[in-house]
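Counting starts at 1 for both ligands and their atoms, in listed order. Throughout, numbering of the chain's residues begins at 1 and tracks the sequence.
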Amino acid sequence: MEKVVIIGSGCAGLTAAIYAARASLSPLVLEGREPGGQLTTTTLVENFPGFVDGIDGPALIMNMKAQAQRFGARFEYALVEDLEPADGFVRVKVDGNWLETRTLIVASGASARYMGLPRERELVGHGLTSCATCDGAFYRNVPVCVVGGGDSACEEAIFLTRFASKVYLIHRRDTLRASKVMAQRALSHEKIVPVWESVISEYLTDEAGEMRAVRLCNVKTGGMTEMEVKCVFSAIGHTPNTKPFQGKLDIDAEGYLIQHKGTATNIPGVFAAGDVADHVYRQAITSAGQGCAAALDAERYLADFE
Ligand code: NAP
């Protein structure tokens with residue numbers, strides 16, 4: 001019987017692991033499909049307190065993991081498929097096997113969303129991606145586009161200017177949702193060209209199946225145009241990773257876990273933290289804060305229980 005199992009190894013999961021490990025609870029972290037979470041696909045993080053000159057996203061995550069390990073947190077690369085409440089504990093199905101734990105912290109985060117157009121699955125890796133840090137360097141001296149109008153879209157577009165000849169920023173409205181500083185940085189960059197009030201209606205590929213262009217639809221006029229791009233970077237937000245918990249944990253209309261009191265979910269001993277339960281703030285620091293809160297809630301639950 002485990003004392004604390006943590007699902008997810010992003011900011012929330014790792015902070016929960018640091019706190020639970022320091023409380024001598026020897027947490028087991030199930031790393032999930034995207035170990036390290038969203039910060040592993042970003043570059044410089046400038047707004048995490050304590051780093052005057054910013055810190056690289058992957059470095060921040062590696063530091064958090066090492067910090068958790070120093071206090072005895074254990075890590076396994078494993079995928080969670082199901083969970084069910086039992087008498088005083090929770091059963092979690094992991095890669096086909098059930099494990100038992102007194103408390104569970106769900107910090108499974110959120111995954112990048114795509115536009116929902118035909119052939120999307122087969123195009124990922126062939127000119128369609130959601131990670132400029134991972135794939136940007138493949139597209140040197142060619143035009144690319146980023147879809148979205150938030151901080152992620154601006155950040156991706158700015159990063160891509162290091163490689164691409166031109167970065168089209170395709171947004172469905174005529175103003176960006178991004179913070180002022182990010183929007184200004186993106187719009188003032190000579191390589192970034194905003195394409196307002198437009199959405200992609202079709203991906204166009206070459207004989208080898210690689211992206212060669214997109215068909216754009218102007219949402220105001222309905223007019224269609226073709227734009228030559230070698231890669232489309234999707235930055236239209238994220239979907240919370242709550243699939244394995246459907247029908248077990250309370251989930252809101254947008255798919256996020258519902259926290260009832262503090263980080264507690266509807267199942268006793270199960271707590272939620274980070275982007276899987278937050279569609280308002282979604283920052284590295286708020287996720288870390290929630291991970292801390294969930295570990296403290298789990299610790300108190302265990303103390304009451306014993
Ligand atoms: P977001 O703020 O939710 O922005 C998503 C963007 O995609 C919006 O502009 C939205 O358009 C557009 N969009 C959504 N669905 C679409 C669709 N089907 N087709 C076309 N466009 C679509 O997501 P985000 O940019 O990933 O940011 C998430 C959170 O992380 C935010 O709180 C942000 O501040 C934070 N973040 C911070 C930083 C930083 O501070 N360095 C970096 C990245 C992210 P509408 O505007 O019309 O809704």
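- Distances from atom 16 (C) of ligand 1 to the heavy atoms of His279, Gln283, Arg172 put Arg172 nearest.
- With 3.5 Å as the limit, one finds no donor-acceptor pair spanning the side chains of Ser234 and Arg113.
- Alongside Val280, the hydrophobic cluster contains Tyr281 (criterion: ILVMFWY side chains under 4.5 Å).
- The side chain of Asn47, and not its backbone, has at least one atom closer than 4.0 Å to an atom of ligand 1 (non-hydrogen atoms only; side chain from C-beta on).
- Put simply, the residue from Val144, Val195, Val214, Ile192 that forms a side chain to side chain contact (heavy atoms under 4.5 Å, CB included) with Tyr168 is Val195.
- Within the listing of ligand 1, atoms 9 (O), 11 (O), 45 (P), 46 (O), 47 (O) sit less than 4.0 angstrom from a heavy atom of His171.
- The shortest contact between atom 47 (O) of ligand 1 and any protein heavy atom is with Arg173 NE, 2.7 Å.
- Counting heavy atoms closer than 4.0 Å to ligand 1, residue Arg177 contributes side-chain atoms (C-beta onward) but none from N, CA, C or O.
- Nearest-heavy-atom check against atom 42 (C) of ligand 1 across Glu155, His238, Arg113, Glu46 picks out Glu155.
- With respect to the salt-bridge test (charged N to carboxylate O, under 4.0 angstrom), the residues Arg212 and Glu226 qualify.
- Residue Ile236 holds the heavy atom nearest to atom 18 (N) of ligand 1 of all those in Leu176, Ile236, Asp275.
- By the 30° and 60° cut-offs, the orientation of the rings of Phe163 relative to Phe159 is perpendicular.
- The closest protein non-hydrogen atom to atom 30 (O) of ligand 1 is Arg282 O, 3.5 Å.
- For atom 37 (C) of ligand 1, the choice among Asp151, Ile170, Thr175 with the nearest heavy atom turns out to be Asp151.
- Atoms of ligand 1 lying under 4.0 Å from at least one heavy atom of Tyr281, given by number and element, are 32 (O).
- Ion pairing between Glu46 and Arg185 holds under the 4.0 Å rule for side-chain N and carboxylate O.
- The hydrophobic cluster containing Val219 also includes Val199, under a criterion of side-chain heavy atoms closer than 4.5 Å among ILVMFWY residues, counted directly or through chains of members.
- Between Met115 and ligand 1 there is no heavy-atom distance shorter than 4.0 Å.
- Atom 9 (O) of ligand 1 has its nearest heavy-atom neighbour, among Gly149, Ser198, Ser152, in Gly149.
- For atom 23 (O) of ligand 1, the closest non-hydrogen atom on the protein side is Gly237 CA, 3.9 Å.
- Under 4.0 Å is where a charged nitrogen must lie from a carboxylate oxygen, and between Asp82 and Lys248 at least one such pair does.
- Without hydrogens or angle criteria, Gln259 side chain to Ala272 main chain gives a donor-acceptor distance under 3.5 Å.
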